[in-house]
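Every value quoted in this text rests on a predicted model; they were computed, and no experiment measured them. The chains referred to below are lettered A, B, ... by the order of the sequence lines, with proteins before strands, and numbering in each begins at 1.
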Amino acid sequence: MSAHVHASPAPVGGRLLSPATFVCAVLILAALAVLAIRFSAGLGAVTNLNDGYPWGIWVVADVVIGSAFACGGFSVAMLVYIFNKGEYHPLVRPALLASLFGYTLAGVGVIFDLGRYWNFWHILWPGYASPNSVMFEVAACISLYILVMWLEFSPAVFEKFGMKNARRRVGKAMFFLIGLGTVLPMMHQSSLGSLLVVFGTQIHPLWQTMALPAIFLISAITIGYAVVLFESCLAAAGYRRKIEMHLLTPLAKVMLGMLGVFLVLRFGDLLVRGALGHAFEANLQSVMFWLETACFIAPLALLRSVEQRRNPARLFSAGALLMLGGSLLRINAFLVGYDTGEGWSYFPSVPELLVTIGMFAIEVLGYIVITRRFPVLPREDHAAPAAAH
Amino acid sequence: MSTRRDFLRRAVAGSAAAASCAVVPPAAARGNAERSPEALGLLFDSTLCIGCKACVTACKDVNDLPLDISTRPESPWDTPVDTTARTYNVIKVFRDGKATQKDAETDGFAFMKASCLHCVDPSCVSACPVSAMTKDPVTGIVGYDPDACIGCRYCVAACPFGIPKYDYQSATGEIGKCELCRHRLPEGKYSACAEVCPTGATLYGKVDELMAEARRRLALKPGEITRFPRGNLSTGDQPSWEGAAANYVQHVYGETEVGGTQMIKLAAVPFEKLGHKPLPDESFSSKSETLQHTLYGGLVLPLVALGAMTWFAKRHIGDHDADDGGDQ
Ligand code: SF4
Ligand code: SF4
Ligand code: SF4
């Protein structure tokens, strides 16, 4: 494979204060206010958590879904470095940045939810850590992965500050960091599914299966590509840049391939276990199952042909739908399909939602600030104000 | 450079072989855990329970637990309706229709104790990432250590009986659940609920002996006169009494459920009516841990994957990353 010639990354530039960043800042302040109450008065003061539903959206949205949305970096790196698809190289840095943010926030989000957060370090401390626990595996892998991603991203920072030596040193170890950066997410994205195995019959048969680790992993990789499509379209529109259609069109095909693997796995598992019948019962679980499935199947229809895969609106919608499907899979498995006995119910409270929204706002704000000031997105060579749609 | 490449190549080949061994049979399948021969527990006989709740009060006393939910705020006594982080033991009543006859399925009522069952292969212990939930290797008591706990509530979600509870009303909330009065064992005392139970409906002892007593009761003819021990079955510290055997459901709940429990239960009404869903014999922790050990046992698979990924990355990085390699 010969080297591809790419525009090297460069800061987008421009003003930092805009309506978008202002709204983000307000949302972040609201989330901080809620968190102040949470830390002074306890989880019960702001959340609707209860002993029938001890995990709510702070776990499912901020951590489980948040980290799946942050799989772009890993999915693209795998394509470029493992499958040697160098043409996608310009997508690596922006995707890595989004992942870095997503994961770091997911890590911070865990602290908000932990009832005894000051003991958090126990999970990585030999005397306490319990390797039999799936959660231990998730925590150890995610912590390490966050560290690895900061190192993977450090060249962008070193470039900005002209630190050539540091830049070169990280460059030498990069192949190992990339290796780690693909294996660690495989481990914890699958384990996020395995978390549910010990719940046994409390999880509805549509979601309880020994294939959970594979289902969660393959869906996370698929979501990784979907997020890249979604983000690239959004960044192109937001910054009035040329959309990287020559990359996104073939990437969409890769995504559809992964999606196909996912659907075969998902339905194969349901058939083998004889659980598909539950999808035809009249209850909330079956409705949510079909909603989830529809979101996974729609992109196949939306992006059937090459022409359709050249259409930014379709790429954007397909990416968004897959992200929604992945979210529904996780919400369904952790909450809708979870039943610990009669008399318990859960729906997130407004303050709970404010924190989750605030977390996503931090992500958007961080992305804008960093891409405007640091060399992340590919340099725009042709100054032509290209069509964003 | 060539030596490094050779090394990596060999590492991949070697680990690929290791991986194929690891994948073939789930060699790490661990099966249900075995019960310790010295395991301690409780036998709860629903047919003997009169619903006096002396056990609920005694549990609060010896564990220093504060008042909890009252049915009326001005009520002078504590009447919790379910276990919480501040109530480790409750007696629930199940009724049907007119609820006139004890232990009758229709138009009857029956009592059921809700507290930790001290599973032989507990989900809460398997779930806990920081060893805050532990199972004593000798007594089998499942204990909790708030100083280790991070408050993740994985145990709350995982327990198939909905037992560990978290205190959401506190900024420093702890998990609360029955620990079989393990703090009283050094004083030569045993579970307060069994100690105060006037009828022996809650009976303390070694699980082996409790199991034999449960089987003895199931073998009795309904109405047959027999003696019911009270307090501590193993020491016989309290006088037994004579009464008629109930028309038992022929099932010791907890003998096999999720790998067995150390609190076992008898009843004359189907257990499902008493809030006990049927559960498989295979423990959920063995499923979960078998899966984890298959994937991560000896870190074989992750290292194989890491070897392979690093090798590919090393090969391909130069192709695309002249700019990332640092030698511009
Ligand atoms: S009943 Fe629940 S809390 Fe008690 S040992 Fe079993 S799993 Fe743990
Ligand atoms: S809440 Fe505490 S005891 Fe329960 S699983 Fe988490 S760390 Fe362990
Ligand atoms: S003390 Fe004994 S009889 Fe009274 S409620 Fe408790 S188990 Fe039932």
Within-4.5 Å side-chain heavy-atom neighbours: [X] and [Y]:
{"X": "A:Ile123", "Y": "B:Ile150", "result": "yes"}
{"X": "B:Tyr168", "Y": "A:Pro54", "result": "yes"}
{"X": "B:Thr294", "Y": "A:Met210", "result": "no"}
{"X": "A:Leu43", "Y": "B:Arg153", "result": "yes"}
{"X": "B:Phe312", "Y": "A:Asn84", "result": "no"}
{"X": "A:Val197", "Y": "B:Gln292", "result": "no"}
{"X": "B:Leu306", "Y": "A:Phe176", "result": "yes"}
{"X": "B:Met309", "Y": "A:Leu180", "result": "no"}

For the backbone of [Y] and the side chain of [X], can you confirm whether one donor and one acceptor N or O come within less than 3.5 Å of each other?
{"X": "A:Asp113", "Y": "B:Cys152", "answer": "no"}
{"X": "A:Gln202", "Y": "B:Ala158", "answer": "yes"}
{"X": "A:Tyr338", "Y": "B:Ala157", "answer": "yes"}
{"X": "B:Tyr296", "Y": "A:Met187", "answer": "yes"}
{"X": "B:Ser131", "Y": "A:Tyr128", "answer": "yes"}
{"X": "A:Ser133", "Y": "B:Ala127", "answer": "yes"}
{"X": "A:Asp51", "Y": "B:Val156", "answer": "no"}

Rounded at 0.5 Å granularity, tell me how far [atom1] in [X] sits from [atom2] in [Y].
{"X": "B:Thr172", "Y": "A:Phe39", "atom1": "OG1", "atom2": "CZ", "value": "13.0 Å"}
{"X": "B:Arg315", "Y": "A:Phe175", "atom1": "CZ", "atom2": "CZ", "value": "14.0 Å"}
{"X": "B:Tyr166", "Y": "A:Asn50", "atom1": "OH", "atom2": "CG", "value": "13.5 Å"}
{"X": "B:Cys128", "Y": "A:Asn132", "atom1": "SG", "atom2": "CG", "value": "11.0 Å"}

I need the minimum non-hydrogen distance between [X] and [Y], along with the two atoms involved.
{"X": "A:Phe199", "Y": "B:Tyr154", "value": "CE1-CE1, 3.1 Å"}
{"X": "B:Leu291", "Y": "A:Pro213", "value": "CD2-CG, 3.9 Å"}
{"X": "B:Ala313", "Y": "A:Ile82", "value": "N-CD1, 4.3 Å"}
{"X": "B:Ser288", "Y": "A:Val134", "value": "OG-CG2, 3.5 Å"}

Counting only non-hydrogen atoms closer than 4.5 Å, does [X] touch chain A with its backbone (N, CA, C, O), its side chain (CB onward), both, or neither?
{"X": "B:Glu282", "value": "neither"}
{"X": "B:Ile175", "value": "neither"}
{"X": "B:Pro280", "value": "side chain"}
{"X": "B:Asp82", "value": "side chain"}
{"X": "B:Ser170", "value": "backbone"}
{"X": "B:Cys149", "value": "both"}

Tell me, out of [options], who's got the most heavy-atom pairs with chain B below 4.5 Å.
{"options": "A:Thr47, A:Ile203, A:Asn119, A:Val110", "answer": "A:Asn119"}
{"options": "A:Tyr53, A:Trp55, A:Phe120", "answer": "A:Trp55"}
{"options": "A:Leu195, A:Thr340, A:Leu177, A:Val138", "answer": "A:Leu195"}

Less than 4.5 Å to any heavy atom of chain B: does that hold for the side chain of [X], its backbone, both, or neither?
{"X": "A:Ser190", "result": "side chain"}
{"X": "A:Leu184", "result": "neither"}
{"X": "A:Pro131", "result": "neither"}
{"X": "A:Trp344", "result": "side chain"}
{"X": "A:Thr182", "result": "side chain"}

>> For A:Trp118, I'd like to know if atom CH2 has over 12 heavy atoms of other residues, nucleotides or ligands within 6.0 Å.
In response: yes
> For B:Lys135, does the NZ atom sit with more than 12 other heavy atoms under 6.0 Å from it, leaving out its own atoms?
Replying inline: yes
Look at [options] and state which one has the largest set of heavy-atom pairs under 4.5 Å with chain A.
{"options": "B:Asp145, B:Asp147, B:Asp167, B:Val125", "answer": "B:Asp147"}
{"options": "B:Ala85, B:Ser286, B:Ser285, B:Cys159", "answer": "B:Cys159"}
{"options": "B:Pro146, B:Gly162, B:Pro164, B:Ser283", "answer": "B:Pro146"}
{"options": "B:Glu174, B:Lys287, B:Gln169, B:Lys277", "answer": "B:Glu174"}

